Amino acid sequence: IPRLVDTTRGCVKAKKKGLGEDCIGGELLALCPELCARILHPLVYKVVTSHHVPLQWKGGQIMEVYKGKGTHALTSSYRDVTLADALGKVFGKLLRSKMLPVASGLISSTQLGSGLHGGSTSVTHLFARAFVDIAECQDVTLALLFIDIKSAFASVVRRLAMPCDASDEAWVSRLRK
């Protein structure tokens with residue numbers, strides 16, 4: 001569970017870029033990080049212990065931004081940026097900094113994404129495409145299985161936070177203490 005000092009550090013390091021739907025920018029968080037952290041930290045604690053992230057902290061709005069060169073009519077002259085709530089970004093970084101050391105020791109060397117093992121999910125796509133190409137060249141049959149582990153990951157996180165032998169009722173009881 002992130003400490004108040006972790007939340008304060010997150011506010012200090014908040015990116016000073018565009019505003020999300022909450023209209024709270026990284027500038028505000030970085031301007032008075034101690035005050036913002038004292039206000040934000042109870043919410044961070046509640047989110048971590050309840051496993052319910054506010055909808056506003058998930059995702060963002062994708063906008064196209066002109067790169068400053070090239071023809072305005074070409075899509076290649078633009079890049080996509082995601083405008084997300086600064087509070088959600090701070091929370092995401094806090095959670096990632098706490099979980100990454102533990103998760104790194106538990107995952108396979110072939111698991112990619114989230115910066116693990118130097119690869120993003122696009123690298124996974126390249127690997128899959130390469131397997132298909134190799135199978136075609138060697139004239140062999142290939143099957144690829146894609147598994148969505150989002151809910152499985154949530155249960156792994158739960159197991160890391162509390163003892164494995166605890167029932168759901170015991171978990172709730174411990175969280176209330």
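Note that the coordinates shown come from a computational prediction; the quantities given were computed from them, not determined experimentally.
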Ion pair D133/R129, N-O distance below 4.0 Å: yes

Nearest heavy-atom pair of A86 and L29: which atoms, and what distance? CB-CD1, 3.9 Å

Report the distance from atom OG of S77 to atom NE2 of H72, rounding to the nearest 0.5 Å. 8.0 Å

Over all heavy atoms of both residues, which pair between G10 and V90 is shortest? Give the atoms and the distance, please. O-CG2, 3.7 Å

Side chains of H52 and V47 in contact at under 4.5 Å (non-hydrogen atoms): no

Return the NE2 to SG distance between H41 and C11, rounded to the nearest 0.5 Å. 11.0 Å

If you define the side chain from C-beta out and look only at heavy atoms, does anything of R3 sit under 4.5 Å from K98? yes

Between P33 and A30, which heavy-atom pair has the shortest distance, and what is it? CD-O, 3.3 Å

Distance check, rounded to the nearest 0.5 Å: L74 atom CG versus K67 atom NZ? 10.5 Å

Go through L43 and W57 one step at a time and tell me if the side-chain contact (heavy atoms from CB on, under 4.5 Å) criterion holds. CA-CA 12 Å; L43 181 58; W57 290 5; 3.5 Å; yes

Is any side-chain heavy atom of L87 closer than 4.5 Å to a side-chain heavy atom of K89? no

Go through the steps to decide whether D80 and E64 satisfy the test side-chain contact (heavy atoms from CB on, under 4.5 Å), and finish with yes or no. CA-CA 5 Å; D80 292 338; E64 288 186 343; 3.3 Å; yes

Distance (rounded to the nearest 0.5 Å) between I134 CD1 and L142 CG: 9.5 Å

Supply the atom-to-atom distance S97 OG to K13 NZ, rounded to the nearest 0.5 angstrom. 8.0 Å

Taking D6 as the fixed residue, which of V44, I1, L94 is the one that meets the side-chain contact (heavy atoms from CB on, under 4.5 Å) rule? L94

Could you grab the distance from atom CZ of F91 to atom CG of L40, nearest 0.5 Å is fine? 9.5 Å

OH (Y78) with more than 12 external heavy atoms under 6.0 Å: yes

Nearest heavy-atom neighbours spanning R38 and P42: O-CD, 3.2 Å

Grouping I, L, V, M, F, W and Y whenever their side-chain heavy atoms are under 4.5 Å apart, do V5 and M99 come out in a common cluster? no

Trace of the side-chain contact (heavy atoms from CB on, under 4.5 Å) decision for K93 with K15: CA-CA 11 Å; K93 288 180 183 177; K15 289 188 178 181; 3.8 Å; yes

